[in-house]
Amino acid sequence: QLQLVESGGGLVQAGGSLRLSCAASGRTFSSYVMGWGRQAPGKEREFVASISGRGVSRDYADSVKGRFSISRDNDKNTVYLQMNSLKPEDTGGYYCAVSKDWRTRTDFSSWGQGTQVTVSS
């Protein structure tokens, strides 16, 4: 099982950008579908983006399409989430996650501890 550590969260004004990173432990990182989820205060955790093991396929929630981009570097065991044109409604805890396979890419089986993103209006 991978251990996940997120970084890169912070406070940003609306329209700004942030890049989140997730460092994973484990020798089989490239075999995992990786992704990001988020949880706003008072709301359930939701899917944000997923990327296949070799980075060929990506999927995004409708709310972030065209603004967020997920990528990975298998040599560094790291997955990234580039967030542009941020909106106040993007505020929340962002969690790196692992999915069992591409068919379940929006349903994650394990999560990191999270990093907070706050977007001010």
Side-chain angles (χ1 to χ4, degrees):
Q1 191 66 280
L2 295 179
Q3 300 297 315
L4 308 172
V5 178
E6 301 95 333
S7 62
L11 173 65
V12 64
Q13 288 188 333
S17 298
L18 281 175
R19 187 194 196 200
L20 306 183
S21 299
C22 172
S25 64
R27 293 178 292 178
T28 58
F29 176 74
S30 62
S31 66
Y32 289 94
V33 174
M34 300 297 298
W36 291 90
R38 67 185 181 186
Q39 186 168 19
K43 295 187 177 181
E44 293 186 354
R45 194 171 294 186
E46 64 177 2
F47 165 77
V48 173
S50 287
I51 187 168
S52 61
R54 291 184 291 177
V56 174
S57 300
R58 296 171 172 84
D59 194 13
Y60 298 93
D62 288 343
S63 58
V64 306
K65 281 181 181 177
R67 300 188 298 121
F68 290 13
S69 178
I70 188 170
S71 60
R72 66 191 296 163
D73 185 335
N74 287 342
D75 290 336
K76 296 181 178 179
N77 278 21
T78 301
V79 62
Y80 305 96
L81 185 68
Q82 178 67 44
M83 305 186 294
N84 300 326
S85 302
L86 282 161
K87 305 175 181 179
E89 51 264 44
D90 293 319
T91 293
Y94 280 71
Y95 299 85
C96 182
V98 181
S99 182
K100 293 181 179 180
D101 56 46
W102 191 244
R103 291 174 297 176
T104 59
R105 61 190 178 273
T106 65
D107 185 16
F108 300 119
S109 57
S110 62
W111 301 83
Q113 293 300 306
T115 185
Q116 179 67 29
V117 171
T118 302
V119 184
S120 63
S121 57

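Values below: every heavy atom of this structure, side chains too, minus hydrogens, waters and symmetry copies. Quick caveat, the model's predicted, so the values are computed rather than measured.
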Just wondering, do Met83 and Val119 contact through their side chains at under 4.5 Å, heavy atoms? no

Short side-chain to backbone donor-acceptor contact, Asn77 and Gly26, under 3.5 Å: yes

Audit row: Leu86, Gln13, side-chain contact (heavy atoms from CB on, under 4.5 Å) steps and yes/no: CA-CA 8 Å; Leu86 282 161; Gln13 288 188 333; over 6 Å; no

Is any side-chain N of the basic residue among Asp62 and Lys65 closer than 4.0 Å to the acidic one's carboxylate O? yes

Stepwise, does the side-chain contact (heavy atoms from CB on, under 4.5 Å) test hold for Arg38 with Val64? CA-CA 11 Å; Arg38 67 185 181 186; Val64 306; 3.9 Å; yes

If we ignore hydrogens and angles and just use 3.5 Å, is the side chain of Arg72 paired with the main-chain N or O of Ser52 as donor and acceptor? yes

Contact check, side chains of Tyr95 and Cys22, non-hydrogen atoms, under 4.5 Å: no

Side-chain heavy-atom pair Val98, Leu4 within 4.5 angstrom cut-off: yes

Give a yes or no on whether the backbone of Arg67 and the side-chain of Ser85 come within a donor-acceptor separation of less than 3.5 Å. no

If I compare all heavy atoms of Ala14 with all of Ser121, which pair ends up nearest, and what's the gap? CB-CA, 4.4 Å

Which distance, rounded to the nearest 0.5 Å, do you find between the OG of Ser31 and the CZ of Arg54? 12.0 Å

Where is the tightest heavy-atom contact between Tyr60 and Ala49, given as atom of each residue plus distance? CD2-CB, 3.6 Å

First locate atom OG1 of Thr115, then atom CG of Leu81, and finally report the distance between them rounded to the nearest 0.5 Å. 11.0 Å

Is it the case that more than 12 heavy atoms not belonging to Gln113 sit under 6.0 Å from its CD atom? no

Would a 4.5 Å heavy-atom cut-off, applied to side chains only, mark Trp102 and Ser50 as touching? yes

What orientation do Phe68 and Tyr94 show, parallel under 30°, tilted 30 to 60°, or perpendicular over 60°? tilted

Following the transitive rule for hydrophobic clusters with a side-chain heavy-atom cut-off under 4.5 Å over Ile, Leu, Val, Met, Phe, Trp and Tyr, establish whether Ile51 and Leu2 coincide in one cluster. yes

Heavy atoms of Thr78 and Ser21 approach each other most closely as CG2-CB, 4.4 Å

What pair of heavy atoms forms the shortest contact from Phe29 to Val79, and how long is it? CZ-N, 4.2 Å

Around atom CD of Glu46, are there more than 12 heavy atoms of other residues, nucleotides or ligands at under 6.0 Å? yes

I want to check something: taking the side chain as every heavy atom from C-beta on, are Cys96 and Trp36 in contact at a cut-off of under 4.5 Å? yes

Between Asp59 and Phe47, what is the shortest heavy-atom contact and its length? O-CZ, 3.7 Å

Look at the side-chain heavy atoms of Ile, Leu, Val, Met, Phe, Trp and Tyr, link any pair under 4.5 Å apart, and say whether Met34 and Ile70 land in one connected group. yes

Face-on cation placement of Arg45 at Phe108 ring, 6.0 Å and 45° thresholds: no

Glu6 (side chain) donor-acceptor with Gly114 (main chain) under 3.5 angstrom: yes

